[in-house]
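Quick caveat: nothing in here was measured; it's all calculated off a predicted structure. Every chain is numbered from 1, with letters handed out A, B, ... down the list of sequences.
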Amino acid sequence: MRLRLTVLSVVLLLGVVGGGCSERPPTSPTLPSAPPSPSKTPAPHPTDRQVAIRDQHLLNIKLTTHEGRAVRFYDDLVKGKVVAINFMFTTCGNSCPLSTVHLAEAQKLLGERAGRDVTFLSITLDPEHDTPRVLQAYAKAYGVGPGWYFLTGNKDDIERLRRKLGVYDLDPIVDADRNQHSGIVVLGNEPRRRWKAVSTLSKPVRIRQAIERTILPPNKWPRGAAVVNEAPYEVRDVVEPVDLSALPPRD
Amino acid sequence: MELTRRDLLRWGIVLGGGAALSSGQRVLQAANLPESPPTRPFVVELTKANGGIPATAQPVRPFATQADPADCVNVDGTTAFHVHGPRTVPDNTEFFLIHEQNTQHSFHPDLPLNDLWGYDGKVPGPTFVARSRSFPPPGGGRAQLVRFVNDLVEGRLDIGEPITAIHRHGGFQNPEDDGYPLDTFCFRESRDYFYPNRAEGGLLQNEHSTMWYHDHAIDITAENVYRGLAGFYVSFNTLDTGNETDPPPALGLPSGDFDIGLVIQDRLFDRNGFLVYDNFDHNGFLGDKFLVNGKIQPFLKVQRRKYRFRILNGSSARVYQLFLSNNQPFVAIATDSTLLERPVTVQNFRLAPAERVEVVIDFTFAPDEVFLVNRLQQTDGRKPDKLVDPGTPLLKFVVAKNAVRDPSRVPRILLPVTEGPAQLLPQVRVQRRFEFNRSNGAWQINGEFFDENRVDARPRAGEPEIWILESPGGWVHPVHIHLSDFFILSRDGKRPPVLEQGRKDTVLIGGDVARETRILIEFEDSREVPRAGDRLRYVFHCHNIEHEDMRMMSQFEVQT
């Protein structure tokens, strides 16, 4: 409970700062001819950074939840929240099932934080097939908990959002393969302006830890007994026969 | 060749533009972040006064060493892995106390001050000067113990987490002193690092020259280094004495004010001139402003004589190919941590993240202005695109009018190699293969992410091995192996180019460089006081730091 209050107070504090400064006139996109004097040290404005991230990455596209509710990505799902966002599609037989299993496991490990302190957002890359009803059945099959929305929408909108969230491959052939995009979960704390990504194929305990660290400021991270013990120590020592013939001749 | 007005125009220098420099183009696909605001090139001088020539770290009175902090929670939720201490140190050990601090840093007078993190509040950090105990320079060798104190606060930039571990890159040191990524310390905590300053295996050929120290905290290294946590750590020995007037067998390389470290980094700024990091791009961060020692496109006044420059690529993902504007060749004398056996004359050289090349430049007959130019264009984290002409000038050398007496020398033999591939290859009994690949939007080694509870290789101390490093996916990866230097044996079956025939601790693989690289590596035990239960675990990883933070990292455990 104490932790929850802390999170809330951080959000409130930032909200107050942000609100107070939103009345500031927008900075001109062109620089003034005289460079700013280094003697004055204006702080980069938290709101500036928040707005820049929103404008660059958090498209406010229309989506529909697996419960059939019409939502806006930024306004309704991300603004003021901690989110874990991944892309998937229900007919994906590649890494999607494992990703969903790992995320569901991480959600369980988060306990009461899930749905309260963090929202899971799984966005389909196959919106034509993955209607809200299909997504609802998928969510049910994986036993997902509260605060997890499966989302469908306009295909082009979703593709733009995927790229803006950094879930893409520089190789267009790889990028065209939908199977390649379910391996990343983007974690964000919108009011704190902290964003990162971890692999959904890493252990669920890792995903849970990364999410907790996204929720809380560093000085509030759990210590000692709250830190999960890892799996037993594993040794791999794979060697192969030495092949000197593969080496170029030397002087 | 004199620099013509046309050259200057092509570089946009006369126009004073910083925008659209050909090798600085950025094509970020996750975001179309605006270009950094313009800055006038070559108006900031690198001086000792402004930190552009880093100060030398000064020893303090010896203090009692302490146990390592164990309760700092890492970004990934784990606590410290190696918890030791107090350290047992030799009698004449030099002690240092370094505070990691927020600092109001000036990149350029056209930009506002930025709230960076620096070792002792300096960007780059103070330069440590070590003296080898194995083959000491005149005056003797010393071990060093550095206490780093974490005084970092989040401050005014949303970059980095105030959780740190310090890696002396290229250093031969114990696992608890290596900056293992989970051995972190948090705000108001400190950790002691013992640097034995001994040559690996007691061999003169393994004496180090230019190391560097930087943050290595799990999952957050890229941002912490980007915010300023990096500095030089140089070392001298009986041959490379650090004094150009010492008679042979001392090498007599340029020393003192004529021995300068230059760390090259790229950065991006928002329209108000504040540092920006793109947390949504995991391919490898690229900036469009080029720093030398923390200053954007600075100049350096030099005399008409020889200089030794220790050039380090401290960028996250950008690879450089460096030229001099007057077509003068570089005399390369070291690659990564170690002097070459013989100097090598090259017209240009490639420098991948974390690599170092030491060069001697003789300005005796140089024009009044000489530019250090990057001609390699790179527009994403995957690999460099191509060589371009004219490229981007990074640093202007302003050469003094009159020649001066120059007692320095560049001998024909620098550091003899007594145990090279010819001697070691017949002893090799073990060959290992590591594939660096991208899969499902993340980066892996042999299909795995870094896991501190998994060891992927158990080499025996003193037994040379062949490691095959593969990057089949078209990406380049600067692979860094901790603890030991290595020799590059082959690049796709061919002999490596001449500048890759010396010792390396970081090697660029993949892309257009080589799909398959074979190296010869032999690990040694660095401990002076072995203890029961010690596990000699060290990491190796991609030094494209965004890839490293996405866990393109593995570990080996040396068997004794």
Side-chain angles (χ1 to χ4, degrees), chain A residues 27 29 31 35-36 38 41-44 48-49 52 56-57 95 163-171 180-184 193-197 199 201-202 206 209-210 212-213 218-219 221-224 227-228 230-244 246-248 250, chain B residues 29-33 37-38 71 73 75-79 104 106 109-113 156-158 161-163 187 270-274 279-283 380 382 421-422 425 428-433 439-442 449 453-458 466 474 489-490 493-495 518 550-551:
Chain A
T27 316
L31 267 188
T41 315
D48 281 357
R49 182 77 184 118
Q56 282 294 333
H57 300 283
S95 55
R163 297 186 80 80
K164 288 291 186 185
L165 293 178
V167 185
Y168 68 96
D169 200 288
L170 286 166
D171 182 338
Q180 288 292 324
H181 304 309
S182 63
I184 288 285
R193 309 174 299 282
R194 305 304 307 204
W195 290 87
K196 63 181 163 190
S199 172
L201 305 179
S202 48
R206 285 252 175 277
Q209 289 162 346
E212 282 194 319
R213 258 99 245 155
N219 59 354
W221 290 356
R223 289 179 173 235
V227 176
V228 172
E230 280 287 348
Y233 184 70
E234 184 186 349
V235 173
R236 292 182 196 175
D237 198 20
V238 181
V239 300
E240 59 181 47
V242 177
D243 180 13
L244 296 182
L247 300 177
R250 304 191 69 84
Chain B
Q29 298 185 37
N32 295 311
L33 295 178
D71 66 339
V73 180
V75 182
D76 78 332
T78 49
T79 48
Q104 302 305 309
S106 173
D110 294 350
L111 302 179
L113 299 180
R156 289 168 165 169
L157 289 178
D158 303 316
E161 296 280 7
I163 296 167
F187 180 61
D270 68 15
R271 63 190 181 187
N272 297 318
F274 295 108
N279 299 81
F280 290 86
D281 193 283
H282 317 296
N283 295 317
D380 61 49
R382 180 166 41 177
L425 276 175
V428 172
R429 300 286 176 271
V430 169
Q431 182 167 303
R432 303 177 195 273
R433 192 177 291 269
S439 171
N440 289 104
F449 297 106
N453 282 1
R454 192 190 71 245
V455 158
D456 289 321
R458 300 215 299 168
I466 291 175
L489 294 172
S490 69
K494 299 190 184 68
R495 285 193 71 171
R518 296 186 184 225
M550 295 286 279
R551 301 213 160 212

*asked:* For a quick test of reading the model, state the closest non-hydrogen atom pair linking B/Val430 to A/Val242 and the distance between them.
replied: N-CG2, 3.5 Å

*For A/Pro248 against B/Gly493, the heavy-atom pair lying closest together*: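 The answer is CB-O, 3.4 Å.
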
*Would you say B/Met550 and A/Ile184 make side-chain contact, with heavy atoms under 4.5 Å?*
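Touching, per the 4.5 Å side-chain cut-off.
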
*Validation row: B/Arg433, A/Val238 side chains within 4.5 angstrom (heavy atoms)*: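 Answer no - side chains too far apart.
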
Non-hydrogen atoms of chain A under 4.5 Å away: do they reach the side chain of [X], the backbone, both or neither?
| X | value |
| --- | --- |
| B/Arg429 | backbone |
| B/Arg382 | both |
| B/Asn283 | side chain |
| B/Leu489 | both |

Using 0.5 Å steps for rounding, measure from the [atom1] atom of [X] to the [atom2] atom of [Y].
| X | Y | atom1 | atom2 | answer |
| --- | --- | --- | --- | --- |
| A/Ser202 | B/Arg551 | OG | CZ | 7.5 Å |
| B/Gln431 | A/Leu244 | CD | CG | 7.5 Å |
| B/Phe280 | A/Gln56 | CZ | CD | 10.0 Å |
| B/Asn279 | A/His57 | CG | NE2 | 8.0 Å |
| B/Asp281 | A/Tyr168 | CG | OH | 4.0 Å |

*Could you tell me which of A/Val239, A/Asp237, A/Asp243 has the largest number of non-hydrogen atom pairs under 4.5 Å with chain B?*
A/Asp237

*If you count heavy-atom pairs under 4.5 Å between each of A/Arg194, A/His181, A/Lys196 and chain B, which one has the most?*
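Among the listed options, the one with the most contacts to chain B is A/Arg194.
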
*Who among B/Pro421, B/Gly474, B/Ala442 has the most heavy-atom pairs with chain A under 4.5 Å?*
B/Pro421

_Check whether A/Gln180 reaches the backbone of B/Asn440 with its side chain - one donor and one acceptor, N or O, closer than 3.5 Å._
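Judged by distance alone, yes, a pair lies under 3.5 Å.
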
